[in-house]
Amino acid sequence: MDSQTKAIESTKKYLTTTASIVASAMLARTIVNEYLPNELRIMVSGGLDKLFSRFSTEHAIVIQETEGLSSNELYDASSTYLRTRISSNMRRLRASKNEDNNSITLSLDDGEELIDAFQGVEYKWQLISQQENQGGNRGGDFSSNSEVHLFELTFHKKYKNVTLDSYLPHILEKAKQIKAADRRLKLYMNEYESWSPIDLQHPATFETLAMEADLKKTILEDLTRFVKRKEYYKKIGKAWKRGYLLFGPPGTGKSSLIAAMANYLRFDIYDLDLKEVRMNSGLKRLLIGMTNKSLLVIEDIDCSIDLKNRDEDKENQSNKFHDDEISLSGLLNFIDGLWSTSGEERIIVFTTNYKEKLDPALLRPGRMDMHIHMGYCGPNSFRVLVSNYHAIDEHPMFEEIEGLLKEVKATPAEVAEQLMRSDTVDVALEGLIQLLQRKRNESQGNNGNGEDDKDEKLTLVDKEEEGLESTVEDHETKEVIVGAVTCREDD
Ligand SMILES: Nc1ncnc2c1ncn2[C@@H]1O[C@H](COP(=O)(O)OP(=O)(O)OP(=O)(O)O)[C@@H](O)[C@H]1O
Ligand SMILES: [Mg+2]
């Protein structure tokens with residue numbers, strides 16, 4: 001035999017031996033699992049596992065539900081993540097539903113395998129439940145059996161690094177997103193100086209919000225850009241916060257927009273009633289008690305706190321703004337300081353019916369990043385509302401309604417209310433036409449003609465546009481974004 005043949009022969013012999021060791025090991029494992037008593041089984045199977053791993057190309061990672069006494073975040077994340085990877089060809093699934101959730105949740109059942117793929121690597125998941133003896137008393141009298149759960153994740157061993165460096169972190173991140181999306185949002189309201197939460201049930205979304213399409217798009221883009229800019233805010237050393245001032249008459253959708261923002265971002269709302277808070281110290285406690293990724297809302301800011309320019313109102317100054325009483329600048333300064341340390345994103349929204357009543361300090365650039373005017377219902381808004389309430393986008397009566405909406409001031413709330421009055425489209429639209437005609441007649445009666453109204457609208461728009469220019473110009477961090485955008489439905 002030459003040396004080459006010898007080498008081949010010895011390789012064959014090695015492979016045969018290896019194969020039979022693997023086969024014997026597999027047989028041995030079956031015997032161990034099926035027939036040996038618990039304690040012995042644990043001892044023997046540990047050795048068999050080692051033997052297996054020497055010859056197998058597979059690598060396994062075990063993710064236990066608990067590590068010692070503390071829960072294992074990775075187990076929790078895996079369980080959440082795997083629920084979204086359930087495929088239709090799996091034989092056995094677990095189904096559950098809890099109060100907090102509207103739908104049935106499917107998850108992996110014991111022993112069932114799930115195949116997942118990530119960056120071209122195939123992963124096999126299995127949920128395993130084991131009885132664990134916790135007694136330590138060999139006689140067994142005082143021992144208790146508890147069930148431990150674990151995931152076994154197997155993959156080709158050459159992908160160990162990808163798995164640890166990318167796949168598992170990917171699962172942690174995904175689980176976080178899934179949980180945020182599943183979570184019920186909360187609306188916190190303050191009673192004196194503490195928050196009490198209720199579920200936020202407001203159904204408003206950007207889709208159902210009636211406002212001019214461009215303005216809606218601008219707000220959405222602004223929010224989306226804002227939440228992606230963690231590193232940016234860190235780099236410039238500023239609090240990761242964004243301020244919106246919503247102004248417009250009652251019933252134009254300011255509160256609806258706030259709910260749409262919260263639903264879109266999955267942020268809780270903290271609705272701060274300043275009338276309940278008298279002292280700066282109490283206000284601080286409330287602000288410190290807010291969680292990250294939340295929206296602080298102060299509605300009707302013109303009524304809830306005296307915002308008059310203090311130089312112009314000396315009397316007020318002496319009465320209202322002594323040491324520990326709250327002031328708007330105190331509020332904003334404190335927020336800046338507090339939120340810059342949290343490193344997480346927050347949004348603050350002020351609403352008012354009368355922008356002109358506000359303290360000019362609040363309108364200064366850098367205070368509120370966007371000024372959003374919520375206007376009367378124009379044809380665009382009407383289309384959104386009628387599609388929300390009657391699921392139609394064309395009707396012979398639309399032309400007349402749209403013509404009337406250009407002439408009269410009706411709020412989206414008024415239009416919505418008319419549309420809701422009947423399930424029959426024709427009846428609802430007829431009711432709306434009557435309302436708009438009535439309003440037209442009233443305003444003609446008041447003004448002599450309808451033209452004054454139109455002029456008023458135009459003057460308002462001009463004023464806003466001046467504001468827009470100066471705000472953008474003065475904005476200290478111009479590249480962050482538009483300073484203030486002021487738009488109205490009819491312009
Ligand atoms: N722009 C809008 N889009 C969709 N629905 C709207 C809009 N504006 C008003 N509505 C409807 O009218 C109701 C009242 O609106 P909302 O409370 O948002 O107005 P608001 O501007 O906050 O009023 P207020 O100044 O009185 O607080 C909403 O529940 C909604 O049904
Ligand atoms: Mg409101």
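Atoms within each ligand, like the ligands themselves, are counted from 1 in listed order.
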Taking a cutoff of less than 4.0 Å between a non-hydrogen atom of the residue and any ligand atom, is F206 in contact with ligand 1? no
In the protein, how many N/O/S atoms are under 2.8 Å from the Mg ion (ligand 2)? 1
Report the member of A260, A416, P250, C377 with the shortest heavy-atom distance to atom 24 (P) of ligand 1. P250
Apply side-chain hydrogen bond (donor to acceptor under 3.5 Å, both in side chains) to T352 and D302, showing your working. CA-CA 6 Å; T352 178; D302 50 300; 2.6 Å; yes
Of all the non-hydrogen atoms in the protein, which one sits nearest to atom 1 (N) of ligand 1, and at what distance? A210 O, 2.8 Å
In this structure, which one of L74, L114, L108 forms a side-chain contact (heavy atoms from CB on, under 4.5 Å) with F151? L108
Which class fits the ring pair Y233 and F226: parallel under 30°, tilted 30 to 60°, perpendicular over 60°? perpendicular
Aromatic plane relationship, F398 with F382 - under 30° parallel, 30 to 60° tilted, over 60° perpendicular: perpendicular
Counting only N and O atoms by type, is there a donor-acceptor contact under 3.5 Å from the side chain of T424 to the main-chain atoms of V427? no
Could you identify the single nearest non-hydrogen protein atom to atom 23 (O) of ligand 1 and state the distance to 0.1 Å? G251 N, 2.9 Å
Separation of I301 CD1 from Y354 OH (nearest 0.5 Å): 15.5 Å
Is the number of heavy atoms from other residues, nucleotides or ligands within 6.0 Å of CG (D423) greater than 12? no
Do the rings of Y167 and F118 sit parallel, tilted or perpendicular, given the 30° and 60° boundaries? tilted
Note the single closest protein heavy atom to atom 30 (C) of ligand 1, along with its residue, its atom name and the distance in Å. S256 OG, 4.0 Å
Could you identify the single nearest non-hydrogen protein atom to atom 11 (C) of ligand 1 and state the distance to 0.1 Å? A413 CA, 3.9 Å
Does S255 reach ligand 1 with a nitrogen or oxygen that is under 3.5 Å from one of the ligand's nitrogen or oxygen atoms? yes
Does any N/O atom on K254 come nearer than 3.5 Å to any N/O atom on ligand 1? yes
For atom 6 (C) of ligand 1, what is the closest protein heavy atom, and at what distance to 0.1 Å? P412 CB, 4.1 Å
Decide whether the shortest distance between a heavy atom of V384 and an atom of ligand 1 is less than 4.0 Å. no
Looking only at protein heavy atoms, what sits closest to atom 31 (O) of ligand 1 is Y389 OH, 3.6 Å
Please name the pair of heavy atoms, one in A95 and one in L106, separated by the smallest distance, quoted to 0.1 Å. CB-CD2, 3.8 Å
Please tell me whether S255 and E299 have a donor and an acceptor in their side chains that are separated by less than 3.5 angstrom. yes
Looking only at protein heavy atoms, which one is nearest to atom 5 (N) of ligand 1, and how far off is it? L385 CD2, 3.8 Å
Say whether H149 and D110, considering side chains only, have a donor N or O and an acceptor N or O under 3.5 Å apart. no
Look at D199 together with K186 and state whether they make a salt bridge at an N to O cut-off of under 4.0 Å. yes
Return yes or no for this condition: an N or O of T252 is under 3.5 Å from an N or O of ligand 1. yes
Measure the distances from the heavy atoms of T208 to every atom of ligand 1 and state whether one is below 4.0 angstrom. yes
Atom 19 (O) of ligand 1: which protein heavy atom is closest, and how many Å away? G253 N, 3.3 Å
If you measure only the distance, is there a donor-acceptor pair under 3.5 Å linking the side chains of Y81 and D116? yes
